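Model, not experiment: these values are computed from the prediction. Below, each value reflects all heavy atoms present in this structure, side chains not excepted, and no hydrogens, waters or symmetry copies. The chains referred to below are lettered A, B, ... by the order of the sequence lines, with proteins before strands, and numbering in each begins at 1.
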4 protein chains.
Amino acid sequence: MPSRPTAIETPRRTRRKETRPGELIEAALNLFIEKGFAATKSEEVAQRAGVSKGTLFLYFATKEDLFKAVVRENISSLFPSWNDELANFKGSCGEMLAYAMNSWWHSMGKTKAGGIVKLVMSEAQNFPDIALFYQQEVITPGTQLLKKILQRGVDSGEFRSLDLEQAVFTLVAPMIYLMMWNNSMGCCVSTVNQDMKPEQFIQLQVDVLLNGLKAKQ
Amino acid sequence: MPSRPTAIETPRRTRRKETRPGELIEAALNLFIEKGFAATKSEEVAQRAGVSKGTLFLYFATKEDLFKAVVRENISSLFPSWNDELANFKGSCGEMLAYAMNSWWHSMGKTKAGGIVKLVMSEAQNFPDIALFYQQEVITPGTQLLKKILQRGVDSGEFRSLDLEQAVFTLVAPMIYLMMWNNSMGCCVSTVNQDMKPEQFIQLQVDVLLNGLKAKQ
Amino acid sequence: MPSRPTAIETPRRTRRKETRPGELIEAALNLFIEKGFAATKSEEVAQRAGVSKGTLFLYFATKEDLFKAVVRENISSLFPSWNDELANFKGSCGEMLAYAMNSWWHSMGKTKAGGIVKLVMSEAQNFPDIALFYQQEVITPGTQLLKKILQRGVDSGEFRSLDLEQAVFTLVAPMIYLMMWNNSMGCCVSTVNQDMKPEQFIQLQVDVLLNGLKAKQ
Amino acid sequence: MPSRPTAIETPRRTRRKETRPGELIEAALNLFIEKGFAATKSEEVAQRAGVSKGTLFLYFATKEDLFKAVVRENISSLFPSWNDELANFKGSCGEMLAYAMNSWWHSMGKTKAGGIVKLVMSEAQNFPDIALFYQQEVITPGTQLLKKILQRGVDSGEFRSLDLEQAVFTLVAPMIYLMMWNNSMGCCVSTVNQDMKPEQFIQLQVDVLLNGLKAKQ
DNA sequence: TATGAATGAGTCTTCATTCAT
DNA sequence: TATGAATGAAGACTCATTCAT
């Protein structure tokens, strides 16, 4: 009976197994975003999750599986309740667009979710099913949402007639670019000194999208 | 009499000091684009260049050096004629913008150079000096170029007054996005079936940038 | 039913964290002595320790680190009891010298430790920190020890007056030489047939050191 | 007829093939002494000899062969005309011994030859035929020489009766040690600060060998 | 002969994964 | 379940040696 502990025991190992995968995914998410898939060692992930290397593989058979879980888990959350907001929005379509883009930036663009998107785009070729999944979970519904906004604007005469399919890209591009930038070049802040001020950029972006660059005659 | 060789044999061990680096960079370029930096093994690169493992390291001390060479070789060449074209361009600034964007797409967006840009953005965090290099060689001069166009437009009254710094991003974003898309999700054509028609997209993009989405009253 | 195993199987993958480093050092010691540092491959070391290649690097980050560990482990232990023995020695200084030299031969000269000394002298140029370490751990304390003996002899009038610093070399030289010989030329016994009988040599050596070669008048 | 050289041509490639091996051996000698056999790259050798890598292998089929040549070439020179000097020496045997040891130090101990001896002792195990060769060319004749001196001393009554075979080692040991030291630990002068003054050491050594440590009663 | 580009077997080292405890 | 010691396939890089010129 070696070294009997005194009084109150610190409850190590108290976490339930149900929470483990989540903790591992959380840890992996952060590391993958920080360093990319290849450069992240599975041991690091375990460590950051406060778990041993072996435990990681108890929950995820492969590092790739872990990656997929990370992405899947976090992609689903990329669309909160936007559809509702859209349905109930009072105001012009221009306002709605402005609102959507700002909202997007605050609720995901500048959060970790942005890192996921970057991750997905970076690794898509090596993980076709992730690509497919992302397509289904994010791109398609996102596109639908934006199409609706645009369609409404066109129907009401606020917007001019458009090829919706293409126009959606026009809305998406600056958002994705903003987020890619922040998660790649933007990280090297010390060295790469580029004044990218997201909020201002979005402001201008909305303005240009709606009104164009040309001066009104 | 074992395995009698047929007709003309391709000679092993050809000496081609001058052309080797180019061939190796070409091979690396393709593989890096296909599979990413980490997933590409240096032996593969050598093989694809029709050379032995050792030869690769005769020309590039490190896989990382090879990567840098690939980036340098394929990126630095991107801003040669553009400055000239800009200086001599006859036409409105809107036309110039349209021309620039189309030109960009044809001369690099849809070429392998596009793949490099994707590569750089994907790996920037792990290669700070690549990021810096890219910043200096590509981003800064590119930004200058676009600023000039915009400034000219503003000066002539064709464009409205703008925060140039930010507006440049507005021009760049769709281009980068287009190229990122084509080199990540777009590759998984079989699975991800999204109708991205670059030329049309650019067309619309230019139109929207200039005129905005709003219907003219 | 392929190759039915006999009786008791030695279990692969035994967990012996405590004993591993020692076993690895032991294996490395022998191989380094046998073949030198450069000619010993790390996999061999692992093999001889009954362990896989990876395990070696679990305990020693570098082959060089392993080398250092080997030296440290086998050298630091060389000056434990000697200081005590010296302090408590009853007898003349001449006897003490004779005792010290014989003792040295038995406790390290002819053991594997002798091989290490040879190793250190052979590789010193390529491993400056090993040289420094050896200097601090072995040479300096050893020199101190011998100086004390000599000083005592000089003080008591048993020995004549001497430049101690230099005289120490005189005591050390034959010991080191003996050991170098045994671990280089001496190994090639089959070919190099030289009658080096260490015990006799030391005997004579002590005699000459004390009494000189000259006949007493 | 490209770029015709003017007037007097600088005679590159003038060295005759007869001198090549010597130059290569010279270069190799220095490098082997500096860095050891394993750590010396064959290209370095070629370079230092002012020759291309290929040329080296034109003269020596193997790096090992080169090593052997280096040692053989330089070992033969380890015994100049000492036998003559001995035969004609006027003076006591003690004086002769003193002379021999000082002479040894000046003519080879402190020269590159010392490096060769160190080299041989370090690599003997990996090159048995070198060991054999060294035994035949250096050790045996050297031993004979010293035996003669001692024998003469014993015969004349100047020295006491001795087991010559063993006594020779007594003479050799400090010499070899001195030279090993200078070519291993001694190199790390900056870090290993040990005051080894060869000339003084030899002086004392001779004195002790002849007269012993003991005070004369 | 001389060159130096090319080769590829060989080495160190890493790290995802396994498994005895 | 959890651990972390052990594994070994894999990969970057080296360098003695070859050979086309």
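- Phe133(A) carries Arg72(A) over the face of its six-membered ring, with the cationic atom under 6.0 Å from the centre and within 45° of the normal.
- Pairs of Watson-Crick or G-U wobble type, with distances under 3.5 Å, assemble into runs of 3 or more in DNA chain F at these ranges: E:2-21 with F:2-21.
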Given protein heavy atoms under 4.0 Å, the one-letter contact record of nucleotides 4-11 of chain E, with B base, S sugar-phosphate only and - none, is simply BBBBBBBS
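- Taking atom CG of residue Asp65(B) and atom C1' of nucleotide dA12(F), one finds them 13 Å apart after rounding to whole Å.
- Atom CZ of Phe60(C) is separated from atom C1' of dC12(E) by 16 Å (rounded to the nearest Å).
- For the residue pair Lys112(B) and Asn30(B), a side-chain donor N or O sits within less than 3.5 Å of a side-chain acceptor on the partner.
- Heavy atoms of other residues, nucleotides or ligands lying less than 6.0 angstrom from CD of Glu43(D) number 12 at most.
- Atom CD of Gln47(B) and atom C1' of dG11(F) are 14 Å apart (whole Å).
- Straight-line distance from the CD atom of Glu23(A) to the C1' atom of dA2(F): 14 Å, rounded to whole Å.
- At least one side-chain heavy atom of Phe57(B) sits less than 4.5 Å from a side-chain heavy atom of Ser42(B).
- Considering CD1 of Ile116(C) and CG of Asn74(C), their distance stands at 3.5 Å, rounded to 0.5 Å.
- Between Thr62(A) and Ala61(C), the one whose closest nucleotide on DNA chain E sits nearer the 5' end is Ala61(C).
- If you measure from atom CD of Glu43(D) to atom P of dA16(F), you get 9 Å, rounded to the nearest angstrom.
- With hydrogens and angles ignored, the 3.5 Å screen pairs no side-chain donor or acceptor of Glu73(C) with any backbone N or O of Ile25(C).
- Between Glu44(B) atom CD and dG11(F) atom P the separation is 8 Å, expressed in whole Å.
- Around atom NZ of Lys68(A), more than 12 heavy atoms belonging to other residues, nucleotides or ligands sit under 6.0 Å away.
- Atom CZ in Phe67(D) sits about 18 Å away from atom C1' in dC15(F), given to the nearest Å.
- One distance of note links OG1 of Thr40(D) with NZ of Lys63(D); it measures 6.0 Å at 0.5 Å rounding.
- Taking the six-membered ring for Trp and the full ring otherwise, Phe127(B) and Phe37(B) have centroids separated by under 6.0 Å.
- Between Phe57(C) atom CZ and dG11(F) atom C1' the separation is 14 Å, expressed in whole Å.
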